[in-house]
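Down below is the structure, laid out as structure tokens.
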Amino acid sequence: MSLSVPNNPIASLHHPKLSTSTKDDQSVRHLSDNTVTGHIYTKHREDDSVKIDVDNYIALVESIITTADRITETVTHGTEGRLIFSDDFLKVNAVDPPLCTLHKVSSQLSCKAPGIEQAHKTTLDILDILVSYSWEAKAVLTLTAFATEYGDIWHLNHYSSLDPLAKSLSMIKRVPLLKKQLEGMKYRQVLVSPNSLIYSCLRAMKYITQLKNFAKYDTKELSVLSSVLRQIPLVSYWIIHIIVAARIEISSYLNETEGQSQKYLNELAEKINSILDTLENHLNTIRIEQEEIDLYRWLVDHIDNFPTELTLVVPKLIEGKVEAKPFIDGSTRLQVSVEDALRDKNVILLISGLDISDEDIRAVDLVYNEVRKEDKYKIVWIPVVPEHSLEHSQEEEKEARKKYEYLSSLMKWYIVPYTTKIAGWRYLEENWQLRQDPLVVVMNSQSRVEFRNAIHLIRVWGTEAIPFTNGRTHALLEKNWPESTLLKFIEQPRLRSWVNQDRTIIFYGGKDPNWIQQFEEKVVEIKNDPYIKEKGNTFEIVRVGKKINEVNDYTLTPRFWITQWGYFVIKSQIKGSSAAETTEDILRLISYENENGWAVLSVGSAPLLVGRGNLILGVLEDFNKWKRTLNIKAFPDAFKDYFNELNLKFHTCERMTLPGFSGWIPMIVNCPECPRFMETGISFKCNHGRPEL
């Protein structure tokens with residue numbers, strides 16, 4: 001791991017404030033992170049040319065310290081020499097310690113004066129000795145040197161009543177003096193207590209090794225890993241610093257000299273606790289992200305690469321585990337296990353936010369009523385509920401639950417219980433492209449995806465799209481697009497008869513009532529023209545979106561335009577997204593959504609042209625200029641030819657914004673007015689106040 005050197009590294013090994021202050025005035029706060037990194041990076045880099053098994057050393061050191069502290073407890077309770085060890089204590093991981101290096105470190109730890117300045121200088125000296133080791137190895141070897149001396153002291157004491165040599169050596173090491181301090185607060189602040197300085201350092205090293213183990217993951221996938229790995233040198237410095245300070249405190253008991261100030265030990269405790277809190281928070285974040293990564297990879301393997309049982313995949317997708325909460329059966333309101341609900345069935349997953357429209361629910365309901373007849377398909381609604389901000393959590397949570405209950409009441413199929421967390425969210429976003437729009441995925445019983453996003457099939461063809469296969473979709477696309485996208489929005493009793501007779505029909509609509517009125521008046525004029533009557537050229541006009549009993553409604557429902565978009569997306573997806581294969585006529589119609597008026601000329605359901613309102617009116621107003629061509633041409637051909645002439649004179653290319661549909665969308669689209677590809681841009685729209693899907 002390589003870190004950049006701070007811009008102004010401090011050359012001196014002594015902090016200027018430390019050198020002029022008394023011991024009682026010295027504070028850990030004088031050693032800011034910038035000061036410490038300035039010191040250690042003037043000479044030190046990540047150098048792991050000498051490798052050790054850090055995990056084994058940690059286990060060994062922990063065994064030494066905990067065993068030694070158990071011996072101190074027997075001294076405290078007056079039961080010396082009667083300690084019984086379990087088999088677990090006898091299991092020791094094998095290591096091959098660098099003895100000379102450990103002796104040098106031990107020498108640095110011995111007989112030092114108390115205070116932060118000396119601890120800081122000693123820490124830097126130890127870093128010089130361990131320059132060839134990784135940062136976590138520097139810390140664990142320092143603790144190993146400490147544990148070796150500390151363990152030796154209490155090992156000798158444990159056997160001193162039985163072994164004359166142990167007794168003699170314990171006297172030389174002045175163990176009796178140390179025994180007097182066991183009840184002292186400072187001793188227990190350094191050792192024995194689970195929250196003592198040494199045990200906290202041990203925990204910090206465990207956290208570091210756990211973080212290093214995550215290095216096998218891509219740091220782009222683990223958001224905080226890269227930054228926390230860069231903090232390991234700083235953490236290692238403080239671990240060594242605290243070990244040095246602790247060893248000085250222990251030495252003061254043996255030498256009967258002044259120890260560390262209580263203020264200094266308290267500050268070190270605050271420092272290591274702050275480090276532990278930071279590392280623990282980072283670890284929790286990384287573990288959550290790691291679980292998401294592992295789940296994502298599992299879903300990719302078991303859906304995209306090697307499809308497996310649907311009853312395994314769906315629970316993992318929803319909750320990240322095989323044992324998921326039971327579904328709610330919308331028809332009975334009873335709970336049903338995932339296994340019982342989906343065993344040997346195909347599934348239609350409806351994945352949406354709480355803003356799913358009533359129209360979409362009604363469309364899915366028609367599909368539900370159809371598929372339940374043969375009971376081969378089961379529909380499951382997976383609600384996507386956004387997590388709410390803390391300041392509005394209760395109110396927003398209440399509203400979300402209320403909306404969820406309302407939507408659930410409209411559904412007869414299986415419903416996933418209310419949750420703000422979908423475990424497989426990344427897979428839904430990256431592989432199935434879940435966005436704001438509802439997503440409908442059809443899977444067989446082995447979790448093989450039959451159709452990635454069938455919401456467009458349902459919106460355009462409804463129950464005709466069953467069984468939602470590519471083969472069925474190809475068959476539906478063989479129809480003329482007006483039959484799939486226009487006729488359903490027209491209430492004209494004679495329309496089907498006109499289509500079957502291949503009559504000439506002009507479908508029209510628009511936002512401007514004046515344009516509608518002008519169009520209809522011009523049509524009346526043309527129909528009453530003697531030349532038309534003489535030639536017998538008749539045609540029909542049909543207002544799109546107007547109901548029989550409506551007089552002045554000039555609007556089309558959003559459903560109409562969503563249907564047009566759905567057809568375009570499906571056609572582009574199935575036939576390919578190249579310019580030659582996209583549906584230009586329907587794309588042209590879509591581009592007229594905000595126009596005053598538009599019209600579609602067809603023979604039966606076969607479209608001949610789609611035109612903007614001003615051009616359509618131009619053709620009608622210039623009828624006298626082209627009506628003579630009816631001697632040699634049929635009405636639709638003559639109309640189209642003159643329209644094309646006007647279009648060349650008043651050519652305008654289009655622009656349009658693709659809605660936030662989920663699933664596949666075309667990335668290459670040709671202009672419906674010319675053969676060129678349309679330029680693709682990126683736009684940003686604030687989603688404030690709406691669920692973040």
Side-chain angles (χ1 to χ4, degrees), residues 10 14-19 21-40 58 61-62 65 69 109 112-124 126-127 135-136 138-140 142-143 146 150 181 184-208 210-211 224 227-228 230-253 258-285:
I10 300 174
H14 300 280
H15 193 280
K17 292 185 178 180
L18 301 181
S19 60
S21 59
T22 66
K23 182 169 72 72
D24 290 337
D25 292 333
Q26 295 170 3
S27 173
V28 170
R29 296 181 183 88
H30 293 156
L31 283 176
S32 67
D33 289 349
N34 287 337
T35 301
V36 171
T37 53
H39 286 318
I40 62 180
I58 289 176
V61 167
E62 184 173 27
I65 293 175
D69 282 344
L109 291 173
K112 301 291 183 180
I116 185 173
E117 181 179 350
Q118 184 61 59
H120 175 62
K121 180 181 182 303
T122 303
T123 299
L124 297 180
I126 290 173
L127 291 177
W135 284 102
E136 60 272 20
K138 298 178 200 294
V140 78
T142 304
L143 187 55
F146 173 92
Y150 182 71
Q181 304 294 329
M185 184 180 72
K186 289 171 66 177
Y187 185 92
R188 290 188 170 272
Q189 189 173 6
V190 172
L191 283 153
V192 183
S193 169
N195 295 320
S196 64
L197 293 175
I198 293 301
Y199 279 100
S200 295
C201 287
L202 192 59
R203 285 216 324 273
M205 281 188 283
K206 289 181 180 180
Y207 286 163
I208 289 175
Q210 291 174 41
L211 288 166
V224 301
S227 62
V228 75
R230 289 196 295 270
Q231 295 300 311
I232 288 179
L234 187 61
V235 175
S236 296
Y237 164 87
W238 280 111
I239 290 174
I240 296 172
H241 183 118
I242 291 170
I243 293 169
V244 170
R247 183 65 179 87
I248 291 173
E249 178 67 16
I250 298 297
S251 295
S252 72
Y253 304 148
E258 183 182 9
Q260 306 285 16
S261 71
Q262 187 64 59
K263 174 187 173 184
Y264 179 33
L265 292 178
N266 290 344
E267 288 182 347
L268 290 179
E270 290 178 8
K271 186 67 179 180
I272 192 63
N273 286 334
S274 174
I275 289 172
L276 288 173
D277 288 343
T278 300
L279 293 178
E280 191 169 3
N281 289 335
H282 285 322
L283 271 172
N284 289 336
T285 299

Salt bridge (Lys or Arg N to Asp or Glu O under 4.0 Å) partners of K206, counting only residues at least two apart
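Scan of K206 (salt bridge (Lys or Arg N to Asp or Glu O under 4.0 Å), adjacent residues dropped) gives E62.
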Measure the [atom1]-[atom2] distance between [X] and [Y] for me, rounded to the nearest 0.5 Å.
{"X": "L268", "Y": "L197", "atom1": "CG", "atom2": "CG", "answer": "6.0 Å"}
{"X": "Q262", "Y": "E267", "atom1": "CD", "atom2": "CD", "answer": "11.0 Å"}
{"X": "Q189", "Y": "L265", "atom1": "CD", "atom2": "CG", "answer": "5.0 Å"}
{"X": "I198", "Y": "L202", "atom1": "CD1", "atom2": "CG", "answer": "9.0 Å"}
{"X": "E136", "Y": "K138", "atom1": "CD", "atom2": "NZ", "answer": "9.5 Å"}

Please output the side-chain donor-acceptor pairs of residues 232-250 that fall under 3.5 Å, not counting sequence neighbours, one pair per line with the distance.
| from | atom 1 | to | atom 2 | distance (Å) |
| --- | --- | --- | --- | --- |
| S236 | OG | W135 | O | 3.1 |
| S236 | OG | I232 | O | 3.0 |
| Y237 | OH | H120 | ND1 | 2.5 |
| Y237 | OH | H241 | ND1 | 3.1 |
| H241 | NE2 | Y264 | OH | 2.7 |
| R247 | NH1 | S251 | OG | 2.5 |
| E249 | OE1 | Q260 | N | 2.7 |
| E249 | OE2 | Y253 | OH | 2.5 |

Listed by chain and number, what are the side chain to side chain contact (heavy atoms under 4.5 Å, CB included) partners of [X], not counting sequence neighbours?
{"X": "N281", "value": "none"}
{"X": "S196", "value": "S193, Y199"}
{"X": "D277", "value": "none"}

Qualifying residues under side-chain hydrogen bond (donor to acceptor under 3.5 Å, both in side chains), relative to N273, sequence neighbours excluded:
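In terms of side-chain hydrogen bond (donor to acceptor under 3.5 Å, both in side chains), with neighbours along the sequence ignored, N273 is linked to no residue.
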Main chain of A119, side chain of T122: is a donor-acceptor contact present, judged purely on distance under 3.5 Å?
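Not a single qualifying donor-acceptor pair exists.
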